[in-house]
Amino acid sequence: MKSLESIFQAAKGDLAQYMTAQLKYNASQSNWPSSAIDGVAVNFDGTSLNLGISDEAYDTVMTQEYGTERVRPTSVLRRTSNMSYDFEKYFIERMNKRLRSTL
């Protein structure tokens with residue numbers, strides 16, 4: 001049987017993938033350029049979940065998120081981070097599924 005810690009870590013990895021998918025979906029729905037969509041991800045480093053923005057996409061992502069004089073902001077990063085209830089629910093579902101599979 002797997003340890004509870006390994007199950008917890010795996011569920012956090014699942015959550016990072018789910019959050020990345022939601023982030024990219026929200027960005028595409030807000031018509032972000034593909035370079036910005038491809039440049040964002042939620043990463044799990046073994047301890048915590050972190051937003052990752054590639055160096056190549058950073059300026060474009062910030063322009064899309066916060067806007068400029070010529071570009072209207074579309075708060076995809078902030079909107080996605082406010083989906084905590086959905087993310088908590090997903091994490092609990094993944095924990096339950098992983099726990100059941102070890103029994």
Side-chain angles (χ1 to χ4, degrees):
M1 183 159 123
K2 292 182 181 179
S3 73
L4 186 56
E5 178 65 25
S6 67
I7 292 168
F8 187 73
Q9 295 290 68
K12 285 197 277 186
D14 295 342
L15 178 60
Q17 291 177 355
Y18 178 72
M19 291 174 78
T20 296
Q22 286 298 129
L23 178 60
K24 290 178 180 283
Y25 174 79
N26 291 342
S28 69
Q29 292 298 305
S30 294
N31 297 314
W32 277 24
S34 60
S35 62
I37 295 169
D38 294 340
V40 295
V42 176
N43 304 308
F44 176 58
D45 64 9
T47 304
S48 59
L49 297 164
N50 301 295
L51 172 65
I53 303 172
S54 70
D55 291 340
E56 298 81 19
Y58 185 83
D59 290 338
T60 305
V61 169
M62 291 299 113
T63 297
Q64 294 300 310
E65 180 71 12
Y66 297 104
T68 64
E69 301 84 30
R70 296 174 188 211
V71 177
R72 186 176 186 165
T74 53
S75 60
V76 168
L77 302 178
R78 293 169 284 167
R79 184 168 24 111
T80 303
S81 72
N82 287 333
M83 297 173 60
S84 60
Y85 176 79
D86 293 334
F87 296 144
E88 290 169 7
K89 183 178 171 186
Y90 180 83
F91 179 73
I92 291 167
E93 289 170 359
R94 293 304 300 165
M95 281 291 297
N96 285 334
K97 183 175 182 180
R98 287 183 174 279
L99 284 168
R100 283 190 200 116
S101 72
T102 62
L103 299 176

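If you read the sequence from its start, that first residue is 1, and numbering goes on from there. The basis for the numbers below is simple: all heavy atoms, side chains too, and nothing from hydrogens, waters or symmetry mates.
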For this session: Apply side-chain contact (heavy atoms from CB on, under 4.5 Å) to the pair Val76 and Val40, showing each step before the final yes or no.
Result: CA-CA 11 Å; Val76 168; Val40 295; over 6 Å; no
Problem set entry | Donor-acceptor pair, side chain of Gln64 and main chain of Thr74, under 3.5 angstrom | no
Problem set entry | Nearest heavy atoms of Thr60 and Ser35, plus distance in Å | CG2-OG, 4.1 Å
Problem set entry | Thr80 side chain to Leu77 backbone, donor-acceptor under 3.5 Å | no
Exercise. Rounded to the nearest 0.5 Å, what separation is found between the CG atom of Leu15 and the CD atom of Glu88?
Worked result: 9.5 Å
Problem set entry | Residues in side-chain contact (heavy atoms from CB on, under 4.5 Å) contact with Ala11, at least two apart in sequence or another chain | Phe91, Arg94, Met95, Arg98
For this session: Following the transitive rule for hydrophobic clusters with a side-chain heavy-atom cut-off under 4.5 Å over Ile, Leu, Val, Met, Phe, Trp and Tyr, establish whether Val42 and Ile92 coincide in one cluster.
Result: no
Problem set entry | Which atom of Lys12 lies closest to which atom of Leu49, heavy atoms considered | O-CD2, 3.7 Å
For this session: Look only at the side chain of Glu65 and the backbone of Arg78, and say whether a donor-acceptor pair between them is shorter than 3.5 Å.
Result: yes
Exercise. Linking I/L/V/M/F/W/Y whenever their side-chain heavy atoms sit closer than 4.5 Å, directly or via other members, would Tyr66 and Val61 fall into one cluster?
Worked result: yes
Exercise. If you measure from CE on Met19 to CG on Asp14, what distance do you get to the nearest 0.5 Å?
Worked result: 13.0 Å
Problem set entry | Ala57 to Gly39 - nearest heavy-atom pair and separation | CB-CA, 3.7 Å
Exercise. In Å, rounded to the nearest 0.5 Å, how long is the span from CE of Met83 to OH of Tyr18?
Worked result: 5.5 Å
Exercise. Say you draw a straight line from OG of Ser101 to CD1 of Ile7; how long is it, rounded to the nearest 0.5 Å?
Worked result: 6.5 Å
For this session: Kindly compute the distance separating OG1 (Thr63) from CH2 (Trp32), expressed to the nearest 0.5 Å.
Result: 10.0 Å
Exercise. Under 4.5 Å between side-chain heavy atoms, hopping through other hydrophobics if needed: is there a path connecting Tyr90 to Leu99?
Worked result: yes
For this session: Determine the minimum heavy-atom distance between Tyr58 and Ile53, stating which atoms define it.
Result: CA-CG2, 3.6 Å
Exercise. What are the two closest non-hydrogen atoms of Lys24 and Ile37, and how far apart are they?
Worked result: NZ-O, 2.7 Å
For this session: Give the minimum heavy-atom separation between Gly46 and Gln9, together with the two atoms involved.
Result: O-NE2, 2.8 Å
